[in-house]
Amino acid sequence: MEITCAFGTFKVVQTVKNKDELLIISKWKSLCSVFGSNRIFLINKKEEIFGIYICKQECAEKLINLIKSIEYKDWDQFKISSEIFSSRMLA
């Protein structure tokens, strides 16, 4: 899964060994702004890609915090069509 927000672009990958563990991949600055720097490790030096292992619960908490940081003042012109939701199941 790929997530793009004001803090950066993050790729989320579920590990094969532990189904509760996720690998988050991004740039150093993006990961530090969301997770802090003490658990981040280098994945690809040439492309400056870093990663962090987190559990699903921590990921959910971080996603909630990212959603809370959305600037809603620009949403006055944003309208959701009811047709979009009529044929889909929401989790």
Side-chain angles (χ1 to χ4, degrees):
M1 170 174 56
E2 188 168 308
I3 299 170
T4 302
C5 64
F7 295 100
T9 299
F10 303 90
K11 289 187 181 180
V12 182
V13 181
Q14 183 176 4
T15 61
V16 175
K17 186 177 179 181
N18 181 350
K19 298 294 182 189
D20 186 50
E21 186 175 59
L22 301 172
L23 172 62
I24 311 294
I25 302 169
S26 188
K27 300 288 184 179
W28 174 264
K29 185 177 178 182
S30 299
L31 288 172
C32 283
S33 66
V34 177
F35 299 101
S37 63
N38 57 343
R39 301 182 305 175
I40 298 172
F41 58 92
L42 179 65
I43 293 178
N44 184 320
K45 186 175 183 177
K46 184 177 180 181
E47 295 181 20
E48 298 177 352
I49 302 296
F50 294 84
I52 182 171
Y53 285 109
I54 64 173
C55 68
K56 287 182 179 179
Q57 180 63 38
E58 182 181 0
C59 183
E61 291 169 1
K62 295 297 181 179
L63 286 174
I64 289 168
N65 288 335
L66 289 175
I67 290 168
K68 287 180 180 178
S69 69
I70 293 173
E71 290 287 336
Y72 294 103
K73 65 181 180 182
D74 298 329
W75 284 31
D76 292 339
Q77 299 173 1
F78 183 69
K79 304 247 191 252
I80 298 176
S81 171
S82 60
E83 295 171 13
I84 294 172
F85 295 102
S86 63
S87 63
R88 295 185 184 172
M89 298 285 289
L90 298 177

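In this structure, Glu21 has no salt bridge (charged side-chain N to carboxylate O under 4.0 Å, His left out) partners at least two apart in sequence or on a different chain. Remark: Glu58 engages Arg39 in a side-chain hydrogen bond (donor to acceptor under 3.5 Å, both in side chains) (not counting sequence neighbours). With sequence neighbours excluded, the residues forming a side-chain hydrogen bond (donor to acceptor under 3.5 Å, both in side chains) with Glu61 are Gln57, listed by chain and number. For Lys29, there are no side-chain contact (heavy atoms from CB on, under 4.5 Å) partners at least two apart in sequence or on another chain.
In terms of modelled atom types and a separation under 3.5 Å, the side chain of Lys62 and the main chain of Phe35 share no donor-acceptor contact. Under the 3.5 Å distance criterion, the side-chain polar atoms of Thr9 are left unmatched by any main-chain donor or acceptor of Thr4.
Screening residues 2-31 for ring pair (Phe, Tyr, Trp, His ring centres under 6.0 Å), with sequence neighbours left out, gives Trp28-Phe50. The salt bridge (Lys or Arg N to Asp or Glu O under 4.0 Å) analysis of residues 42-57, with sequence neighbours excluded, yields no pairs.
When hydrophobic clusters are built by joining Ile, Leu, Val, Met, Phe, Trp and Tyr residues whose side-chain heavy atoms come closer than 4.5 Å, directly or via intermediates, Ile25 is grouped together with Tyr53. Taking hydrophobic clusters as Ile, Leu, Val, Met, Phe, Trp and Tyr residues chained together by side-chain heavy-atom distances below 4.5 Å, Leu22 does not share a cluster with Ile49. Cluster annotation: Leu42 is connected to Ile40 through the hydrophobic network of ILVMFWY side chains, with a link wherever side-chain heavy atoms come within less than 4.5 Å.
In plain terms, the two heavy atoms of Ser37 and Cys32 that are nearest each other are CB-SG, 3.6 Å. Taking every heavy atom of both residues into account, Cys59 and Ile24 meet most closely at SG-CD1, 4.4 Å.
Using a 4.5 Å heavy-atom threshold, the side chains of Val34 and Ile52 count as separate.
With rounding to the nearest 0.5 angstrom, the CG atom of Asp20 is 8.5 Å from the CD atom of Gln14. Note that OG of Ser30 and CD1 of Ile3 are 12.0 Å apart. Values are rounded to the nearest 0.5 Å.
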